[in-house]
Amino acid sequence: MSGLKVYGTGWCPDCRMVGKLLGEHRVPYTWIDVETDPRGLAFIEQVAGKQAVPVVALEDGTVLVQPSRDELARRLNLPAKARCRFADLVILGGGPAGLTAAIYAAREGLETLVLEKQAFGGQAAITESIENFPGFPDAVGGLELAGRLERQAKRFGVTLHFGAAQAIEGDGEYRIVRTDSGEEFCSWAVILATGSFYKRLGVPGEERFIGRGVHFCATCDGPFYEGQELAVVGGGNSAVEEGLFLTRFASKVTLLVRGGELKASRILVEKIRNHPKVQVRYRTAVEEFRGDGKFDGIRVRHLDTGAAEELAPGGVFVFIGMEPNTQFLKGAIDLDPWGFVRTGPNLESSLKGVFACGDVRAGSTKQVASAAGEGATAALMVREHLKGLV
């Protein structure tokens, strides 16, 4: 336990100023909330003659009553330039999980910073329409939902910052995040909401038709294809499960499998083989998504014969796996064999004070509504973690 002690309250702006200064220089200290600690309250009344906060007790026995930032920095011999940028909570990832966590944390009074490497909104922002998000009976555009979340976070005072996390580590009670540009962020807690991305085929036309014929979520986009023929790419559990789900809407589902057999569970294999709406084509690879402005089909190749063929499904759903955005966490956080963050019941990772939510978390459902829910839960778990720290 640090010899430096700060006596204050959670609502006191000057107390937060002291915490921010110490955080910017990663100075360890012990926080005493005088509203819940009778001995702490008695101490400040003794040294200040009144209930004045903040009170800072230095390691040499000096007591500073309501010091200014400059006075405290001078007494602690702190350099003029901050060692790092400090916030109570740093959230990595600005998708629905990260932004929801930020909204909840900011409403709890935590200074919150969201670090996003590309664009706020995450995978949701590139989804043409989301029909299964609560509160939008007529569906909502992914870009619109992303914009609403971003505006709401800003309204509660969340700082939104662009940057790609490169490393994370602990320094006593502080958590340090470094970016690829050399920036360093320091906080009491970190929420990992970096999400994951659907693996893509990497063939011509795929990127051009994402959301307009090429999809990665049957639950989100399947209802748009009522009565049409669809194609599903993949042969694992996800491809088979989503293919079966799509039979609720499609007149026919063709499963395109690169290998010679399905790798899904036996039960799923039996279900799809016996389904009247499903055809499985093995040793078949998609080579191109075709269309002049509008998607109108795919070119496939039969791997055994080399013969090419053109198919004209209304849409194509690609399920060849997901890749979590956790490369920078290897060696610092416990990951499962697929690279997703392992967490306990309170969403905390193997590194104390670091939580995970949404698609990056092992066991998550990879749905936008559940990602938002996990974001809210993670923020509340951070609140519990911070009790006694700030």
Provide the closest heavy-atom pair for [X] versus [Y] in the form atom of the first, atom of the second, distance.
X: D359; Y: S196; value: CB-OG, 3.4 Å
X: Y282; Y: V280; value: CZ-CG1, 3.5 Å
X: L192; Y: V360; value: O-CG1, 3.5 Å
X: R16; Y: L110; value: NH2-CA, 4.0 Å
X: V240; Y: G235; value: CG2-O, 4.3 Å
X: C357; Y: I191; value: SG-CG2, 3.7 Å

Around atom [atom1] of [X], are there more than 12 heavy atoms from other residues, nucleotides or ligands closer than 6.0 Å?
X: K20; atom1: NZ; answer: yes
X: R258; atom1: CZ; answer: no
X: K199; atom1: NZ; answer: yes
X: E261; atom1: CD; answer: no

- Message: Please verify the inter-ring angle class for W188 with Y29; under 30° counts as parallel, over 60° as perpendicular, anything in between as tilted.
- Response: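 Taking Y29 first and then W188, their aromatic rings stand perpendicular (interplane angle over 60°).
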- Message: Can you classify the ring geometry of F216 versus Y198 as parallel (below 30°), tilted (30 to 60°) or perpendicular (above 60°)?
- Response: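 Rings of F216 and Y198: parallel, as their planes differ by under 30°.
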- Message: Run I91 and V158 through side-chain contact (heavy atoms from CB on, under 4.5 Å) and show every step you take.
- Response: CA-CA 10 Å; I91 299 173; V158 175; over 6 Å; no
Taking the side chain as every heavy atom from C-beta outward, state whether [X] and [Y] have any atom pair closer than 4.5 Å.
X: V316; Y: L311; value: no
X: C186; Y: H25; value: no
X: L115; Y: H161; value: yes
X: Y104; Y: T377; value: no
X: D180; Y: K117; value: no
X: K154; Y: L160; value: yes
X: L4; Y: P28; value: no
X: R283; Y: T305; value: no

Hey, any chance [X] and [Y] share a hydrophobic cluster, counting ILVMFWY side chains that come within less than 4.5 Å of each other, even indirectly?
X: L386; Y: M381; result: yes
X: L99; Y: F133; result: yes
X: L21; Y: L89; result: yes
X: L230; Y: L262; result: yes
X: Y174; Y: V18; result: yes

Are [X] and [Y] ion-paired here, with the side-chain N under 4.0 Å from a carboxylate O?
X: R290; Y: E310; result: yes
X: E206; Y: R200; result: no
X: D33; Y: K387; result: no
X: E144; Y: R148; result: yes

- When the ring centroid of H215 is compared with that of F224, is the distance short of 6.0 Å?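 Here the rings of F224 and H215 have centres that are no less than 6.0 Å from each other.
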- State whether F319 and K366 meet the cation-pi test: NZ (Lys) or CZ (Arg) under 6.0 Å from the six-membered ring centroid, and within 45° of the perpendicular axis.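 No.
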- Task: For the pair F162 and F120, evaluate ring-ring contact (aromatic ring centres under 6.0 Å, His included) and give the outcome as yes or no after the intermediate values.
- Result: CA-CA 9 Å; F162 284 105; F120 290 98; 5.1 Å; yes
- Partner of I130 by side-chain contact (heavy atoms from CB on, under 4.5 Å), out of D221, V368, T219: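 Single pass found, and it is V368.
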Determine yes or no for a side-chain-to-main-chain donor-acceptor pair under 3.5 angstrom, with [X] supplying the side chain and [Y] the backbone.
X: T284; Y: L256; answer: no
X: K5; Y: I32; answer: no
X: E116; Y: G93; answer: no
X: T100; Y: A376; answer: no
X: T343; Y: A356; answer: no
X: R208; Y: G291; answer: yes
X: E169; Y: I176; answer: no
X: R281; Y: H302; answer: no
X: R361; Y: V341; answer: no
X: E348; Y: G353; answer: yes

- Message: Go through it in stages, so that I can follow the logic: the residues are V6 and C15, the test is side-chain contact (heavy atoms from CB on, under 4.5 Å), and I'd like the CA-CA distance, side-chain angles, deciding distance and then a yes or no.
- Response: CA-CA 8 Å; V6 178; C15 300; 5.7 Å; no
- Between F209 and F289, does a ring-ring contact (aromatic ring centres under 6.0 Å, His included) hold up when you go through it step by step? CA-CA 8 Å; F209 291 115; F289 292 87; 7.6 Å; no
- Query: Any luck finding a side-chain donor-acceptor pair between D70 and S68 under 3.5 Å?
  - Reply: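 Distance-only check fails for D70 and S68.
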- Stepwise, does the salt bridge (charged side-chain N to carboxylate O under 4.0 Å, His left out) test hold for R266 with E270? CA-CA 6 Å; R266 181 184 301 178; E270 289 303 314; over 6 Å; no
- Item | Between NZ on residue K271 and OG1 on residue T247, distance to nearest 0.5 Å |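 K271 atom NZ to T247 atom OG1 measures 10.5 Å (nearest 0.5 Å).
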- Any chance you could lay out the side-chain contact (heavy atoms from CB on, under 4.5 Å) test for E24 and F86, step after step, and finish with the verdict? CA-CA 5 Å; E24 287 173 346; F86 181 82; 3.8 Å; yes
- Task: Given side-chain contact (heavy atoms from CB on, under 4.5 Å), test S350 with R342 step by step and report yes or no.
- Result: CA-CA 7 Å; S350 58; R342 285 192 169 117; over 6 Å; no
